[in-house]
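Note that the structure is predicted; figures quoted are calculated from it, not measured. Indexing begins at 1, ligand by ligand and atom by atom, following the structure's order. When reading the values below, keep in mind they use all heavy atoms of this one structure, side chains included, and skip hydrogens, waters and symmetry mates.
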Amino acid sequence: MSGEKFTRREMMYEGKAKRLYATDDPEVVLVEYKDSFTAFNGEKRAEMSGKGRLNNLISSEIFEYLARNSVPLHFIERVDELRQLAVRVKIVPLEVVVRNITTGSIVKRLGVEEGMKLDRPLLEFYYKDDALGDPIVTEDHALLFGWAHEEDLLRIKEITLRVNDLLKKLFAPLGIVLVDFKLEFGHDSKGSLLLADEISPDTCRFWDSSTGDRLDKDRFRKDLGDVLGAYEEIYKRLSARDK
Ligand code: UDP
């Protein structure tokens, strides 16, 4: 893949982990992954050289797998080590979290036991608003405050549960347990709902199934050390698998 297919235009947006650039095609954006880590609503920060590359590679592998399984995606293709082309979308201001095992904020918030295997996936919505610290909300909040329509929520839930099944199937043979993850969605110019953002060790919790080692951003959140080694391990197992 070469850079001939697009011209990078102005930067449209800079987030905590990625920059978005316009291209000559109004329907297409260039997503550039950054080397920065943030946690606890931006209170903890660090730069780690090589992190952007790993998340771009991992996210691209996962999106390519989901595309082969007919999940509607904003992802078009990986361009190089740091960048992807994606369909321009208007983001639905909801973070959709799926939990298969209890850990993280649900343990803190509800006092439930850590590491409980849930009988079925637990789906939660958070309102995307940094100033408010992304509060947890119900579907009714999303509907009544106009963040999403009923049919969007139905589609979002359907796609999210399918992605959970597909990701569990992808990672189990690699010796990785998919503990929980976060998805974001957007609408393209025709109004179609697409899975957007990224899927990486920044947005998922991955536990090694034999050792229980954390192979995700919890290594950064909890100062467990060798953060990039864990991301490298995820990429190594993903890229070495039979496709
Ligand atoms: N998550 C995310 N972005 C966020 C919040 C959560 O990607 O802004 C992911 C997180 O990596 C984990 C899952 O969503 O895989 C559930 O996170 P949790 O609610 O436990 O929050 P945390 O412990 O990260 O504050």
As a quick check of understanding, evaluate ring pair (Phe, Tyr, Trp, His ring centres under 6.0 Å) for Y231 and F37, giving each step before the final call.
CA-CA 13 Å; Y231 283 50; F37 269 101; 5.7 Å; yes

Among all protein non-hydrogen atoms, which one is nearest to atom 8 (O) of ligand 1, and what is the separation to 0.1 Å?
E95 OE1, 3.1 Å

Counting non-hydrogen protein atoms only, what is the nearest one to atom 12 (C) of ligand 1? Give residue, atom name and distance.
D180 OD1, 3.1 Å

Using heavy atoms and a threshold below 4.0 Å, how should the contact between D216 and ligand 1 be classified: side chain, backbone, both, or neither?
neither

Nearest to atom 2 (C) of ligand 1, what protein heavy atom do you find, and at what distance?
K182 CE, 3.5 Å

Answer side chain, backbone, both or neither: which part of R221 comes under 4.0 Å from ligand 1, heavy atoms only.
side chain

Would R53 and D35 pass as an ion pair if we require N to O under 4.0 Å?
no

Could you establish whether R99 and ligand 1 come within less than 4.0 Å of each other, counting only heavy atoms on the residue side?
yes

Below a 4.0 angstrom heavy-atom separation, can you tell me which part of C204, side chain or backbone, both or neither, approaches ligand 1?
backbone

Could you identify the single nearest non-hydrogen protein atom to atom 25 (O) of ligand 1 and state the distance to 0.1 Å?
S105 CB, 4.3 Å

What orientation do F206 and F171 show, parallel under 30°, tilted 30 to 60°, or perpendicular over 60°?
tilted

R78/E61 ion pair, N-O < 4.0 Å
no

Is any side-chain N of the basic residue among R155 and D152 closer than 4.0 Å to the acidic one's carboxylate O?
no

